[in-house]
Amino acid sequence: MIDPRTDAILVVDLQNDFITGSLAVPGAEDILPTVRKWVDRFDHIILSKDMHPPNHSSFIEQEGPWPAHCIAGNFGSDLHVVLDGLRVNVVEKGTEVDKDAYSAFEGTNFNLVERLKMFGIKRLFVCGLATDYCVKATVMDALEQFDGEVFLLLDAIAAVDVTPGDGMAAIAEMTLAGAKVATNK
Ligand code: ZN
């Protein structure tokens with residue numbers, strides 16, 4: 001059971017580029033209804049956004065690992081419409097040219113740990129994209145920095161799987177580190 005006073009959901013990077021755009025994650029569209037179903041059960045909703053300048057160091061043009069994605073102000077960086085109409089806190093990351101950030105705990109517009117403490121949050125439920133990168137980094141930071149329980153929503157995540165099995169390995173790593181798992185049943 002979700003307790004709307006002390007539980008919070010954190011949806012990682014549910015942005016157009018990661019769903020249908022330049023860095024589309026396989027299976028990302030399939031999780032959208034489940035993400036929305038989860039989100040609607042919470043009062044405390046936090047969304048993270050990858051928000052890069054056009055010449056960000058993580059882009060291939062700058063010898064980074066990824067195609068250009070989530071450029072601030074572009075459609076690709078917008079949150080998917082499935083998240084429309086919610087009262088949320090949006091934490092932005094990767095906003096500086098020379099620094100990449102996978103974890104929502106590396107936000108540049110506010111400190112997520114302090115925000116969760118301020119809300120009196122005791123359990124944090126994490127979902128979104130992608131299992132093997134930003135979700136993993138976020139969950140691992142949450143386990144280290146957040147003073148409460150961390151849940152991974154298994155039916156509301158999708159993996160890049162650059163190497164097949166990366167997503168499964170990431171889930172194993174997160175649960176081994178102490179993340180609990182939940183599904184929307
Ligand atoms: Zn990025």
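Predicted, not measured: the structure shown is a model, and the values here were computed from it. Start at 1 with the first residue, then count along the sequence. Start at 1 and go down the list; that is how both ligands and their atoms are numbered.
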Enquirer: Return the minimal non-hydrogen interatomic distance between Asp155 and Asn184, and the atom names on each side.
Expert: OD2-N, 2.7 Å
Enquirer: Taking the six-membered ring of Trp38, is NZ or CZ of Arg36 closer than 6.0 Å to its centre and within 45° of its axis?
Expert: no
Enquirer: Please determine if Asp50 and Lys93 form a salt bridge, counting it only when a charged side-chain N lies under 4.0 Å from a carboxylate O.
Expert: yes
Enquirer: Restricting to distances shorter than 2.8 Å, give the number of protein N, O or S atoms close to the Zn ion (ligand 1).
Expert: 3
Enquirer: Mind listing the closest non-hydrogen atom pair of Val139 and Leu152 along with its distance?
Expert: CG2-CD1, 4.3 Å
Enquirer: Backbone N or O of Ile46 within a donor-acceptor pair of the Asn89 side chain at under 3.5 Å?
Expert: no
Enquirer: Evaluate the criterion ring-ring contact (aromatic ring centres under 6.0 Å, His included) for residue pair His69 and Phe59; output intermediate values, then yes/no.
Expert: CA-CA 8 Å; His69 63 279; Phe59 298 167; 5.2 Å; yes
